[in-house]
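Structure record follows, encoded as structure tokens.
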Amino acid sequence: MTLSAALSRQSNDASFPTLWDELHWRGLIHVSTNEDELRTLLQGDPITYYCGFDPTAPSLHLGNLVQLLLLRRLQLAGHKPLGLVGGSTGLIGDPKPTAERTLNERETVAEWVGYLGNQISKFLAFEGDNSARLVNNLDWTAPMSAIDFLREIGKHFRVGTMLKKDAVSARLNSEAGISYTEFSYQVLQGLDFLELYREYGCVLQTGGSDQWGNLTSGTDLIHKVEGVSAHAIGTPLITNSDGTKFGKSEGNAVWLDSSLTSPYAMYQFWLNTLDADVIARLKVFTFLTREEIDEYAAKVETEPFKREAQRRLAWDVTALVHGDAAADAVVAASAALFGNGDLFALDAETVRGATQELPSARVAAGDLVAGALVETGLCSSLSEARRAIAQGGVAVNNIAVSDEAATLDSATLAGGVSVLRRGKKTLAALVFSA
RNA sequence: GGUGGAUUACCCAAGCGGCCAAAGGGAUCUGACUGUAAAUCAGCUGGCUUCGCCUUCGGGGGUUCGAAUCCCUCAUCCACCA
């Protein structure tokens, strides 16, 4: 397997005395086991470490990308990553703070395990002395009997300790309560870490800080059973400075799978990063050096309207996830669609390239504009579409539509396509059939 | 096992027989300003064949001319008692 362009460009910043210092500077460490020991451990001989991803959806999302990039940074420092997909833990479900999860079908979970494995592989190097390895926790939990599990693993867990974990106590204090199934989740994750320690000498687990209880469940178990101090790093929850949730675009998660979130949508998501957040995002989501990021920070201060930091962030992450060519294509599309120029002046090739990136629908002259809004997914119902038009937020080829009963005319852009716009930045392509 | 309380739209939360498609707040969305920002201000926010009609107030059944509001029952959660 050869490295992708994005992967081969990556490196850690040599200006930091240690990797640990760089991780701190990037804001990737929220909690951890003993800091001094970790710093030393990471500077020493290569270690094996892991991070798990549960198949709760057919794709990973931006929150998972933080973990993938942390795995990669550690790999670049010479350590050996294990990417774990939760074939078994995905069948159980870790306790969400608010409510019990609905169990997914076994077949569905198995399918998602495959998708996630493929995605994880794109972000790690599978060559060289410290090549990555994919593991599935179903491989060691499926053969284990309930009796073995309770005798060999369960005996090491005290219920008092388990009840004190935030994830569990939050649920016990909520009206939702918690099932025995989800209560057991931390034991399964602890078992994973122990298994990976025994099989691969894995001594470090990374994860989101909301997983801290599950991470320490593993370090505690290894300490009890093997008498060894294993480590854990919890990354911070990424938050937006305006209080909204990070990683949501129009209420939906931003997925790494291009069929769920298009490269264009991915690029637009990052381009719209707040000034107040963009530097922190560059630190976490790109491999730019401290020096380069400092330069962007200065530009955000002096000429924020140019949004150079946002552009760089958007290109880098889009290229990382979807490849350089896709990133270049969506930059061109964005320039065409948001440029100040007349859309009608664009040549057919440019129009085709730009509109290809957008959600689209097949229409005919005479169709209702409101209907087209629904067809393209820009509005979820005709009522909402009419409302959008009434509010003056809809335009076809940048010509405002003011009548709720307006129909599409045949004046398309070059190439027989029209651009439907809702609000300032939600676009779709209308493909006219003869 | 017993008694009492709760369950309302995306979330929180009023309503307690007609004036309820359901107050208020949050969030989303749209407009103005702008940098495809943020903050701020304003407006919208169940659906549809939209001066009207249809489906919603945990599920099901009933009383009534008429129910989110009353009764029965089931489910879930909370509290106290055993």
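Residue numbering restarts at 1 for every chain, and letters A, B, ... go by the order of the sequence lines.
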Length of the [atom1]-[atom2] vector between [X] and [N], whole Å:
X: A:Arg307; N: B:rU36; atom1: CZ; atom2: P; result: 5 Å
X: A:Arg387; N: B:rU45; atom1: CZ; atom2: P; result: 6 Å
X: A:Leu373; N: B:rU30; atom1: CG; atom2: C1'; result: 13 Å
X: A:Phe269; N: B:rU36; atom1: CZ; atom2: C1'; result: 15 Å
X: A:Leu274; N: B:rU36; atom1: CG; atom2: P; result: 15 Å
X: A:Asp275; N: B:rU34; atom1: CG; atom2: P; result: 16 Å
X: A:Leu382; N: B:rU50; atom1: CG; atom2: P; result: 10 Å
X: A:Leu313; N: B:rA37; atom1: CG; atom2: C1'; result: 14 Å

Identify the nucleotide, in any strand shown, that forms a Watson-Crick or G-U wobble pair with [N], with both distances under 3.5 Å; if there is none, say none.
N: B:rU3; answer: B:rA79
N: B:rC65; answer: B:rG18
N: B:rA27; answer: B:rU45
N: B:rC51; answer: none
N: B:rC33; answer: none

[atom1] spacing across the pair [N] / [M], given as an integer number of angstrom:
N: B:rG24; M: B:rU30; atom1: P; answer: 22 Å
N: B:rA37; M: B:rG26; atom1: P; answer: 23 Å
N: B:rC57; M: B:rG52; atom1: P; answer: 24 Å
N: B:rC74; M: B:rC51; atom1: P; answer: 46 Å
N: B:rC70; M: B:rC80; atom1: P; answer: 26 Å
N: B:rA32; M: B:rU69; atom1: C1'; answer: 43 Å
N: B:rU55; M: B:rU8; atom1: P; answer: 22 Å
N: B:rC20; M: B:rC29; atom1: C1'; answer: 25 Å

Side chain of A:Asp316, backbone of A:Leu313: donor and acceptor closer than 3.5 Å? no
Can you find a donor-acceptor N/O pair under 3.5 angstrom joining the side chain of [X] to the base of [N]?
X: A:Ser383; N: B:rU45; result: no
X: A:Gln268; N: B:rU36; result: yes
X: A:Arg386; N: B:rU50; result: yes
X: A:Gln391; N: B:rG31; result: no

Of A:Gly423 and A:Pro304, whose nearest nucleotide on RNA chain B comes first from the 5' end? A:Gly423
Check the side chains of [Y] and [X] for a donor-acceptor pair under 3.5 angstrom, ignoring hydrogens and angles.
X: A:His24; Y: A:Glu35; value: yes
X: A:His231; Y: A:Thr33; value: yes
X: A:Ser15; Y: A:Glu291; value: no

Check the phosphate of B:rC48 against A:Ser381, side-chain N and O only, distance under 4.0 Å to OP1 or OP2. Yes or no? yes
Using OP1 and OP2 only, check whether a side-chain N or O of A:Lys424 sits under 4.0 Å from B:rA37. yes
Does a side-chain heavy-atom distance below 4.5 Å link A:Asn397 with A:Leu420? no
Checking B:rA38, B:rU36, B:rC48 against the side chain of A:Asp242 (C-beta onward), the nearest is B:rA38
Sidechain N-carboxylate O distance under 4.0 Å for A:Lys283, A:Asp13: no
Heavy atoms only, 4.0 Å cut-off, all strands: where does A:Leu271 land among base, sugar-phosphate and nothing? base
Could you tell me whether A:Glu404 contacts a base, only the sugar-phosphate backbone, or nothing, with contacts defined as non-hydrogen atoms closer than 4.0 Å? nothing
Could you tell me if the ring centre of A:Trp25 sits under 6.0 Å from that of A:Phe16? yes
